[in-house]
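One structure is given here, and the rest of the page talks about it.
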Amino acid sequence: MLLRLRDDIPTLSAPIMVGAFDGWIDAAAAERLAEGAETVATGDADALFDYRSRRPVLDVVDGTLTHLAWPEISIVRRTEAGRDLLVLHGPEPDFRWRELGEQVSEAAVRLGVVQWVSLGAIPAAVPHTRAVHVFGTASAEGLLHDDVEQGPQGLLRVPAAALSVVEMATARAGIPTVGFYAQVPHYVGGAFAAGAIGLLEQLGRHVGADLPLGDLPDEALAQRQRLDAAVGGDDDAREYLERLETIAGDDTVTSGDELASEIERFLQQESGGDEPPRLG
């Protein structure tokens, strides 16, 4: 078994399962949801991860090896506005994606999950100075609120993520699925706090609850100030940002081809390919 459920899970109230893995998408929003929540299932890390590419973190205190923190996938439970949220989170697994998808979907059926929600961020040619745009995906019509843009339109063919494998397995099990994806500036290295805020706010509207943001607003403000300072000190960066702002001002919808190009470029950078300078 790749996923082990606790034996003493209480009866859940119309649970929604929210999923996000780190990797080529930013899982900061799901990690915030998981903070302080109750663990209901854990994954078999030895079967799912390549420890040479995702090594455990070792603490050495005064010359003594004291602690190892291993990568872990888990499902945790939190209650918001009288509804249970089950959050599947952790590093994107290296192995056995299809098996994990089937076992997560089986667990979702067993737990009475009424809907699956994927959360992610997609690198795009958007400026950090504008509001974060979040678009949605859905396994059927009528699952997204009217104010959510479903897209991108047309065919988008990109390298898949483990999260998509799990979502599609869940949909095959008969559970309605939706996804929310924030478009974040491709030139930002690491997590983009404003994107996590956008995802949590969109998820909150979807489930009818005010989800806690914690210190994300402070992080977003500090990150905005760092980015502004970095751009202000570099003529080329300032010129590039101005071009992005002009494009954003046209209110044009990013095409599937443009998103695919940004995702493929991001993945190439993550795998050690040519990488342009990033702003912190």
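Along the sequence shown, residues carry numbers from 1.
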Check whether E80 reaches the backbone of A209 with its side chain - one donor and one acceptor, N or O, closer than 3.5 Å. no

From R224 CZ over to F192 CZ, what is the distance, rounded to the nearest 0.5 angstrom? 8.5 Å

Hits for side chain to side chain donor-acceptor pair (under 3.5 Å) against T79, two or more places apart or cross-chain, chain-then-number order -> D84

Non-hydrogen atoms of P10 and R77 that approach each other most closely: CG-NH1, 3.1 Å

Please tell me if the side chains of L12 and L86 come closer than 4.5 Å, counting only heavy atoms from C-beta onward. yes

CD/Q115 to CD1/I175 distance, rounded to the nearest 0.5 angstrom? 10.0 Å

Tell me every residue that passes salt bridge (Lys or Arg N to Asp or Glu O under 4.0 Å) with R238, counting only those two or more places apart in sequence or in another chain. D235

Working to the nearest 0.5 Å, report the span between CG of L227 and OG1 of T129. 10.0 Å

Return the set of residues passing side chain to side chain contact (heavy atoms under 4.5 Å, CB included) with V61 (not counting sequence neighbours), or none when no residue passes. T66

Chi angles and distances behind the side-chain contact (heavy atoms from CB on, under 4.5 Å) call for E201, V134: CA-CA 10 Å; E201 290 178 340; V134 178; over 6 Å; no

Give me the atom names and distance for the closest heavy-atom approach of Y240 to H186. OH-NE2, 2.7 Å

Single hit among S118, S139, S105 for side-chain hydrogen bond (donor to acceptor under 3.5 Å, both in side chains) with E167: S118

By side chain to side chain contact (heavy atoms under 4.5 Å, CB included) - contacts of D8 (at least two apart): R6

If you group Ile, Leu, Val, Met, Phe, Trp and Tyr by side-chain heavy-atom gaps below 4.5 Å, do W70 and L58 land in one group? yes

Test item: Y187 side-chain N/O and L241 main-chain N/O as donor-acceptor pair under 3.5 Å: no

Examine distances only and state if a side-chain atom of Q103 and a backbone atom of L3 form a donor-acceptor pair shorter than 3.5 Å. yes

L244 side chain near V126 side chain, heavy-atom distance below 4.5 Å: no

Can you find a heavy atom in the side chain of I75 that is under 4.5 Å from one in the side chain of M17? yes

Atom pair OG1 (T137) and CG (L156), whose distance is rounded to the nearest 0.5 Å: 10.5 Å

How about R243: does its CZ atom have over 12 heavy atoms from other parts shown lying under 6.0 Å from it? yes

Test of understanding: with side chain to side chain donor-acceptor pair (under 3.5 Å), list the residues that count as partners of R130, not counting sequence neighbours. none

Spell out, yes or no, whether L100 and V109 are grouped together once hydrophobic residues are joined by side-chain heavy atoms under 4.5 Å, including indirect joins. yes

Let's go through R110 and E106 carefully: what are the C-alpha distance in whole Å and the side-chain angles of both, what is the deciding distance for side-chain contact (heavy atoms from CB on, under 4.5 Å) to 0.1 Å, and is it a yes or a no? CA-CA 6 Å; R110 176 178 168 184; E106 290 169 5; over 6 Å; no

Could you tell me whether the side chain of H89 reaches within less than 4.5 Å of the side chain of L33, counting heavy atoms only? no

I'd like to check the ring-ring contact (aromatic ring centres under 6.0 Å, His included) partners of H133; sequence neighbours left out, ordered by chain and number. none

Do I73 and E92 pass the side-chain contact (heavy atoms from CB on, under 4.5 Å) test, and can you show the C-alpha distance, the side-chain angles, and the key distance before you say yes or no? CA-CA 8 Å; I73 288 174; E92 184 178 50; over 6 Å; no

If you take all heavy atoms of L144 and G136, which pair is closest and at what distance? CD1-C, 4.0 Å

For F180, give me all partners under ring-ring contact (aromatic ring centres under 6.0 Å, His included), at least two apart in sequence or on another chain. H206

How about Q202 and R205: does a side-chain donor come under 3.5 Å of a side-chain acceptor? yes

Set of residues satisfying side chain to side chain contact (heavy atoms under 4.5 Å, CB included) with respect to F95, sequence neighbours excluded: D50

Residues in side chain to side chain donor-acceptor pair (under 3.5 Å) contact with D215, at least two apart in sequence or another chain: R32

Measure the spacing between CD of Q150 and CD of E141 and express it to the nearest 0.5 Å. 8.0 Å

Could you work out, with salt bridge (Lys or Arg N to Asp or Glu O under 4.0 Å) as the rule, every residue matching R4, not counting sequence neighbours? none

Are M168 and I122 connected into the same hydrophobic cluster when the rule is that any two of I, L, V, M, F, W, Y join if their side-chain heavy atoms are below 4.5 Å apart? no

Is the shortest side-chain heavy-atom distance between L5 and I9 below 4.5 Å? yes

Would you say that more than 12 heavy atoms from the other residues, nucleotides or ligands in this model lie under 6.0 Å from the CG of D228, or not? yes

If Ile, Leu, Val, Met, Phe, Trp and Tyr residues are connected whenever their side-chain heavy atoms lie under 4.5 Å apart, and connections chain through other members, are F21 and Y51 in the same group? yes

What about V104 and M1, same hydrophobic cluster or not, with Ile/Leu/Val/Met/Phe/Trp/Tyr joined at side-chain heavy-atom distances under 4.5 Å? no

With side chains defined as the heavy atoms from C-beta onward, is the minimum distance between V178 and V148 less than 4.5 Å? no

What heavy-atom pair brings A30 and V87 nearest, and what distance separates the two atoms? O-CG1, 3.7 Å

Closest heavy-atom pair and its distance - V184, G195: CG1-CA, 4.3 Å

Between atom CG of L163 and atom CG of L119, what is the distance when rounded to the nearest 0.5 Å? 8.0 Å

N/O donor-acceptor pair under 3.5 Å between S13 side chain and G82 backbone: yes

Residues that R172 engages under side chain to side chain donor-acceptor pair (under 3.5 Å), provided they are two or more places apart: E102

Are V132 and I197 close enough that some pair of their side-chain heavy atoms sits under 4.5 Å apart? no

Each residue besides W97 in its hydrophobic cluster should be listed here, by chain and number; the cluster joins Ile, Leu, Val, Met, Phe, Trp and Tyr at side-chain heavy-atom distances under 4.5 Å. V165

Tightest non-hydrogen contact, residues F49 and P93, listed as CE2-CA, 3.7 Å

Do D44 and R96 meet the salt-bridge criterion of a basic N to acidic O distance under 4.0 Å? no

Determine whether D22 and R54 make a side-chain contact, defined as any pair of heavy atoms from C-beta on separated by less than 4.5 Å. yes

